[in-house]
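Numbers restart at 1 for each chain; the letters A, B, ... are given by sequence-line order, proteins then strands.
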2 protein chains.
Amino acid sequence: MRVQDEKNSNSLKNRRPNGGSRAKARRETEETILTAAETVFAEAGFGGATMQLIADLAGLPKANLHYYFDTKEALYRRVVERIFNIWLEAADVFDGAAGPTEGIGAYIDAKMEISRHHPNGSKVWASEVMHGAPVIQDYLETTLRDWTEGRCAVIRRWISEGKMAQTDPHHLMYMLWATTQHYADFSHQIDTLNGGDPLSDAQWEAAKTSVKTIVLRGIGVL
Amino acid sequence: MRVQDEKNSNSLKNRRPNGGSRAKARRETEETILTAAETVFAEAGFGGATMQLIADLAGLPKANLHYYFDTKEALYRRVVERIFNIWLEAADVFDGAAGPTEGIGAYIDAKMEISRHHPNGSKVWASEVMHGAPVIQDYLETTLRDWTEGRCAVIRRWISEGKMAQTDPHHLMYMLWATTQHYADFSHQIDTLNGGDPLSDAQWEAAKTSVKTIVLRGIGVL
DNA sequence: TTTTTTGTTGACCGAATGGTCAGGACATGG
DNA sequence: CCATGTCCTGACCATTCGGTCAACAAAAAA
């Protein structure tokens, strides 16, 4: 419900715009489908999304989607994996930081940027987790768990070194995730409370500053 | 996908357990259906939920659901409205507070309690907003907007009275919503990172304390 | 009791959906 | 040129879903 009709206009795919190789064209078509799928899954959820809707948005016949992705669930899985990887990239800025001011501050900035530029991905991820992670449960139990424990260890070290206040690392992580991703997942609500307009550049900067200020002061490093 | 089969066991509804009035029985049946619907909508999303699944969980024939609620969308709307009202109740503790320590602290406690005891409701709300609020857009533009502006005015007053640090009220509200609702919406992820177990009583208390500590210190009232 | 209103239900229907398939188009390699 | 494998697509199918309906049961009203 929503996802405007794209049958004859504004499709993501212009047929054969490249003289490139077969493999390249394949990769581009896959990317087109994945992007369209991400949008539709984000706007309608897995159950509400239809292959026809995705096909229309991608500007391809429905049967073509099944040539590249066997099933709706396989396509969905690829979309979620794609997001998960982008999401993990933000970890880089966390690592190698001298202390919480730099590390957590940069992490907030990075996550806020992702929320701004990949809101659909964030929504699909949120929806997947909310529904019990039927597709990516293994990721949660392996990659995410390891990643989380690693960062929590860093936080604990910062605490023991007196670089920040005594704080439960897990709940701090949850607060960071929740707050930053909120700007993607609840963007519609935020826009509505902003008079119906998306946040401007300045407002995004203000958001980042507000989050960083409260969190960093909240862990005693301001 | 999920929502275990409840066709022959454990149904929410025991047929005619009351000698009460007609109106009372009606209210009870409606409540049974609404509770079942809330669970199914939370676990499967609007598109993934089926009337049959809700009927099975409620222990009623599907046709009976349509006697009480005309359409799936009408039933969904009632579920969302129900949640919205519970969610607004938490506003009470915000009002009449002498200052941010008391008001915001109590608000966090109240919202955390809701996340703990109405996780399905919170998930349905989150899902609705994430998908662009097709059903409750009017609530966002009227009730929620008014409510938000009211609290922001209070926060601004506290700031001008020197009771808390200079803080953007909207972004503070978003942080409160995001952080507290995260414990409901992402409970599956949190449980997974908790070794697969739900948070214990003590862990819930620790969560509340952590959130309150960081936020209150973050706005300069600790 | 009889009548009327309210509640209950299995069977059914049209529409939509995920997925299939046979055949055609097209590029590549010989 | 032809042969071959890749890519594309309209038409089609089985299943499922939301919703309807007519008949039935139960309670209230008369």
- Message: Looking only at the side chains, is there a donor atom on one of B:Gln137 and A:His188 sitting less than 3.5 Å from an acceptor on the other?
- Response: yes
- Consider only side-chain N and O atoms of A:Glu149 and A:His170, and report whether a donor and an acceptor are under 3.5 Å apart. yes
Using a cut-off of under 3.5 Å, enumerate the N/O to N/O pairs linking the protein to nucleotides 4-6 of chain D.
unit_1: D:dT6; atom_1: O2; unit_2: A:Arg22; atom_2: NH2; d: 3.2

- Message: Under a plain distance cut-off of 3.5 Å, with no hydrogens placed, do A:Ser122 and A:Asp185 share a side-chain donor-acceptor pair?
- Response: yes
- Message: Ring centres under 6.0 Å, that's the criterion: do A:Trp87 and A:Trp177 meet it?
- Response: yes
- Message: Please enumerate all residues that pass side-chain hydrogen bond (donor to acceptor under 3.5 Å, both in side chains) together with B:Asp92, with sequence neighbours excluded.
- Response: none
- Item | Euclidean distance, atom CG of residue A:Asp70 to atom P of C:dT20 [Å, nearest integer] | 8 Å
- Message: Would you say that more than 12 heavy atoms from the other residues, nucleotides or ligands in this model lie under 6.0 Å from the OH of B:Tyr139, or not?
- Response: no
- Task: Specify the separation, in whole Å, of atom NZ of A:Lys24 and atom P of C:dT28.
- Result: 13 Å
- Spacing of A:Tyr68 atom OH relative to C:dG18 atom C1', expressed in whole Å: 20 Å
- Message: If we ignore hydrogens and angles and just use 3.5 Å, is the side chain of A:Ser187 paired with the main-chain N or O of A:Ala184 as donor and acceptor?
- Response: yes
- Assign the ring pair A:Phe46 / A:Phe41 to parallel, tilted or perpendicular, where the plane angle (0 to 90°) is split at 30° and 60°. parallel
- Message: Show the nearest heavy-atom pair for residues B:Met112 and B:Ala207, with the distance to one decimal.
- Response: CE-CB, 3.8 Å
- Task: Specify the separation, in whole Å, of atom NE2 of B:His66 and atom C1' of D:dG19.
- Result: 5 Å
- Message: Nearest whole Å is fine: how far is D:dT9 P from A:Asp56 CG?
- Response: 13 Å
- Item | Value in whole Å for how far the P atom of C:dT17 lies from CG of A:Leu53 | 8 Å
- Message: Generate the contact string for nucleotides 10-17 of chain D. Rules: B means base contact, S means sugar-phosphate contact only, - means no protein heavy atom under 4.0 Å.
- Response: B------S
- Query: Atom CG of B:Leu65 to atom C1' of C:dG10: distance rounded to whole Å?
  - Reply: 15 Å
- Check the distance between D:dG19's P and B:Ile54's CD1 and give it to me in whole angstrom. 10 Å
